[in-house]
Amino acid sequence: WSSDVCSSDLSTGFLEVTRSFSFTKATTVLGGAVQLDDFSNQLNGAFDHQWVTPALFVTSERDIGSFTLSASVRGDAHPEAGTQLTERVALLARPVSGWTVRGSVGTGFAAPAATTEETEATGLRAIVPGRPLSPEKSVAAMLDINGAIAGGEFLLTAYGSSISHAIQLADTLTAAGSATLRNAATTTHIGGVEAAAVWRIGIAKVIATYGYSDRKSTRLNSSHTDI
């Protein structure tokens, strides 16, 4: 399968227009956007597409003492995924001088496409069209802590998300070695922690990093689902 990994062409374009309104302790932004996604594969044209997606969004940010609260709502009219509404809420706190803590939660979606982590590694030569795919939908949360400690800069990020209808490869019974794309029957859970610390010593930098991630999902085959 690896011989056709580089046979795909993907082009994207993005145009956004915004108007902001500032108040004493708040700022609101109204906007519209248009996004172009153009995909083609030289060896398998079954998954070629050209999507033009218009969208409207509004975001607002307000200072409340040492906190900053922000919220946003976006509506996309996707030609394949239909009308999708996504939201995000975030709270930024400044507990002490030089430190910030930011927590956020939001929703998202991804149109059903053949470009997954698995197909990016294998290519699309042996992938055959199957049943209609539903868009992936997600709920995600993130916590960021940033500040100075022991003479250095410190950043800690913890994140987690749940994805419904995740698109995965599944075996087929039509031909040996072929596969198809299907939506997972159960929710996929992803979580992890990333940390980084930077110390500046003269003109040099000392950087320490740590990362951990975990993914829990199902593996599909032609007749059943295995955990």
Side-chain angles (χ1 to χ4, degrees), residues 8-40 46-64 67-93 101-117 119-120 129-144 157-168 181-192 215 217:
S8 298
D9 294 320
L10 175 63
S11 300
T12 60
F14 186 80
L15 175 65
E16 182 177 281
V17 178
T18 62
R19 174 68 185 274
S20 62
F21 302 88
S22 297
F23 306 95
T24 303
K25 293 185 177 181
T27 301
T28 299
V29 177
L30 303 177
V34 177
Q35 181 169 325
L36 167 67
D37 296 283
D38 190 352
F39 175 82
S40 62
F47 302 98
D48 293 359
H49 62 255
Q50 187 177 74
W51 295 331
V52 177
T53 307
L56 296 174
F57 60 89
V58 57
T59 179
S60 186
E61 185 176 284
R62 181 179 178 83
D63 292 328
I64 307 173
F67 297 90
T68 299
L69 178 65
S70 61
S72 63
V73 179
R74 178 186 175 105
D76 290 81
H78 197 280
E80 182 69 21
T83 301
Q84 299 289 334
L85 188 68
T86 54
E87 312 87 7
R88 182 170 298 274
V89 177
L91 181 65
L92 175 67
V101 179
R102 184 179 187 273
S104 63
V105 61
T107 61
F109 83 96
T115 50
T116 68
E117 291 183 1
T119 59
E120 285 180 357
R131 66 186 67 170
L133 297 171
S134 300
E136 298 179 339
K137 295 189 176 183
S138 64
V139 178
M142 181 175 292
L143 177 67
D144 292 309
T157 299
Y159 60 89
S161 63
S162 297
I163 305 172
S164 58
H165 310 302
I167 297 175
Q168 300 177 345
L181 295 171
R182 292 181 184 172
N183 293 108
T186 60
T187 302
T188 298
H189 300 282
I190 301 173
R215 179 188 181 103
S217 60

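The shown structure was predicted, so the numbers you read here are calculated from the model rather than taken from an experiment.
- Classification of the H78-W51 ring pair by plane angle, with boundaries at 30° and 60°, yields perpendicular.
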Exercise. Evaluate side chain to side chain contact (heavy atoms under 4.5 Å, CB included) for F57 paired with T18, printing each intermediate quantity in order.
Key: CA-CA 9 Å; F57 60 89; T18 62; 3.6 Å; yes
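- A donor-acceptor contact shorter than 3.5 Å links the side chain of E136 to the backbone of I167.
- In this structure, F47 and F39 approach most closely via the heavy-atom pair O-CD2, 3.5 Å.
- When all heavy atoms of I163 and A166 are compared, the closest pair comes out as CG2-CB, 4.1 Å.
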Quiz: residues 28-37 side-chain donor-acceptor pairs under 3.5 angstrom, not counting sequence neighbours:
from : atom 1 : to  : atom 2 : distance (Å)
T28  : OG1    : S60 : OG     : 3.1
Q35  : NE2    : D37 : OD1    : 3.3
Q35  : NE2    : D37 : OD2    : 3.3

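- The shortest side-chain heavy-atom distance between T188 and R215 falls under the 4.5 Å cut-off.
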Self-check item: Test side chain to side chain contact (heavy atoms under 4.5 Å, CB included) applied to T59 and T27, step by step
Solution: CA-CA 8 Å; T59 179; T27 301; over 6 Å; no
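- Nearest approach of A55 to D76, heavy atoms of both residues: CB-OD2, 3.4 Å.
- Taking both residues in full, the closest heavy atoms of P112 and P135 are given as CD-CA, 3.8 Å, listed atom of the first, atom of the second, then distance.
- Shown here are the salt bridge (charged side-chain N to carboxylate O under 4.0 Å, His left out) partners of R102, two or more places apart in sequence or in another chain: there are none.
- To the nearest 0.5 Å, atoms CD1 (I190) and OG (S161) are separated by 4.5 Å.
- Side-chain atoms of L69 and V89, non-hydrogen and from C-beta on, do get closer than 4.5 Å to each other.
- Under the 4.5 Å side-chain criterion, counting only non-hydrogen atoms from C-beta, R88 is not in contact with R74.
- We find the CG-CD distance between L85 and E87 to be 4.5 Å, quoted to the nearest 0.5 Å.
- Here the straight-line distance linking atom NZ of K137 with atom NE2 of H165 works out to 7.0 Å at 0.5 Å rounding.
- With values rounded to the nearest 0.5 angstrom, D38 atom CG is found 8.0 Å from L10 atom CG.
- In this structure, N183 CG and S164 OG are separated by 9.0 Å, a value rounded to the nearest 0.5 Å.
- From Q50, atom CD reaches atom CD of E80 across 13.5 Å, with rounding to the nearest 0.5 Å.
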Self-check item: Residues F23, R62; criterion side chain to side chain contact (heavy atoms under 4.5 Å, CB included); working and verdict
Solution: CA-CA 9 Å; F23 306 95; R62 181 179 178 83; over 6 Å; no
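- Under the 4.5 Å side-chain criterion, counting only non-hydrogen atoms from C-beta, T68 is in contact with E61.
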